[in-house]
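Below is one structure, written out as structure tokens; the observations come after it.
None of the values given here were measured: they were computed from a predicted structure. All chains are named by letter (A, B, ...) in the order of the sequence lines, taking the proteins before the strands, and each is independently numbered beginning at 1.
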2 protein chains.
Amino acid sequence: MFSALFKYCSQLVSFTREEQQIIESYFSIRQVPKKFTLIQNGKIARELYFINKGLLRLYYTKDTEDITAFIFREHLFASSYDSFLRQAPSIQGLDTLEDAELLVITYDDLNTLYKKVPRMEILARKIAEQRFINAQLILSSYILDSPEERWKKFEATNGDLLLRVPHHMIASFLGITPVSLSRIRKRLQGS
Amino acid sequence: MFSALFKYCSQLVSFTREEQQIIESYFSIRQVPKKFTLIQNGKIARELYFINKGLLRLYYTKDTEDITAFIFREHLFASSYDSFLRQAPSIQGLDTLEDAELLVITYDDLNTLYKKVPRMEILARKIAEQRFINAQLILSSYILDSPEERWKKFEATNGDLLLRVPHHMIASFLGITPVSLSRIRKRLQGS
DNA sequence: AAATTTTCTTTACAAAAGTTAATGAAACCC
DNA sequence: GGGTTTCATTAACTTTTGTAAAGAAAATTT
């Protein structure tokens, strides 16, 4: 139940058995169906999730349309991270795309945990750093690459998601319309 | 000399006098002229800078052209952050845009400092979180806003930089060409 | 199984941004 | 101070993407 979590953490920080038990006691497990909204746009994200199973989608809502900000896979921490960190209303929503099993910790409990297990602070720093590096990577792709190049990279690194996620959600993640994605795919077919 | 640094830090963590003295001992001060390259694309960023005075520009190089990734003002930490954190070759360069006064700490010294002043770990986490939130903000503007809207926001929040930074550097930060920026500015003049 | 919704692609047209090149102004450098 | 480089704007033309609408295929619901 917690094995994936500690496997992930152990790459960053090594916890003792005791620390692991304290950490476990602060997380709860939750089964969530497909298409379930975990964090609603405008509300404060009170919880942080570790994905044991399933797929989550972070998205902006512009006018009446959803724009994908990120797709979280198994064995990652997920949240509307900036709302969670600042405890301010979220400008993003977070939904399940598939039935999911999540480990859940609240903001307050996480801060208590920092005090009980100070090494947790190091883990949190490293996760924040990783998320920064990741955001930076996506941003640099927006800056440097054309939509076509972004699609190619997405296909190469996340090809499996093409079968699990509707294309229009990927299109908006790439910063283009489904129409444009369809054109790009057609263009590339030929070559 | 260190007053701006501790003023900035005190918003995030409160250090004792002793801790401050240790921290000071790990930073050195450096005067750097305009147009000086602090971090070269392809090299590993070994240093982290706190800007006492001056303006720094982080940029990508695509083909022969520079594309601005970020402009750092006074009283901020600056580096090619992901290169510094991962100690991997940088895909960005960092230059001064003006004569600058910098407080400098190396990667190794920072890690020593984490051990001497554990509270520093909290500061580092919070700075990483802030930088993540910031990267997220820029990314969301790329996703949600048109170039015209991005320009308007830049003008509103960083209007002072328009006098300190050439427009073509701002244009590439906004993801457009100088030609396009000029058109946008003209379009908005009328309204 | 039929009906409904969602997803994906295509077409035609409009709008925006890129490209190249030219011009004038400003800043910089011996 | 004169010459050079850098910078900002404009124009003409091309390419790309967006928008709107329609139809086909797939998935979901009843």
Rounded distance (Å) that lies between atom P of D/dA8 and atom CG of B/Leu174: 13 Å

Euclidean distance, atom CG of residue B/Asp95 to atom C1' of D/dT6 [Å, nearest integer]: 16 Å

Atom-to-atom span, OH of A/Tyr142 to P of D/dT17 - whole angstrom: 13 Å

Sugar-phosphate, base or nothing in reach of B/Lys35, heavy atoms under 4.0 Å: nothing

Residue-phosphate contact under 4.0 Å: B/Arg185 side-chain N/O, D/dT9 OP1/OP2: yes

Flag for B/Ser80-B/Gln92: side-chain donor and acceptor within less than 3.5 Å: yes

Residue pair B/Glu24 / B/Tyr26, side-chain donor-acceptor N/O under 3.5 Å: no

Interface limits on DNA chain C, where chain A has a heavy atom under 4.0 Å of a nucleotide atom: C/dT7 to C/dA12

A/Glu121/A/Arg125 salt bridge by N-O under 4.0 Å criterion: no

Distance, rounded to the nearest Å, where A/Arg164 contributes CZ and D/dA26 contributes C1': 19 Å

Same cluster (ILVMFWY, side-chain, under 4.5 Å), B/Phe70 and B/Leu174: yes

Spacing of B/Asp66 atom CG relative to D/dC7 atom C1', expressed in whole Å: 15 Å

Upstream residue (5' side of DNA chain C) when B/Glu148 and A/Met169 are each assigned their closest nucleotide: A/Met169

Sugar-phosphate, base or nothing in reach of B/Ser180, heavy atoms under 4.0 Å: sugar-phosphate

Linked, directly or transitively: A/Val117 and A/Leu12 (ILVMFWY side chains, under 4.5 Å): yes

Candidates D/dT19, D/dA12, D/dA8 - which lies nearest the side chain of B/Arg183: D/dA12

B/Gln136 and A/Arg131: side chain donor to acceptor below 3.5 Å: no

Nucleotide D/dA26, atom C1' - distance to NE2 of A/His168 in whole Å: 14 Å

Distance in angstrom units between A/Ile176 CD1 and D/dT16 P, rounded: 13 Å

Spacing of A/Arg150 atom CZ relative to D/dT16 atom P, expressed in whole Å: 15 Å

Nearest-nucleotide comparison on DNA chain D, the residue closer to the 5′ end among A/Thr177 and B/His167: B/His167

A/Asp66 and A/Tyr60 side chains, donor-acceptor separation under 3.5 Å: no

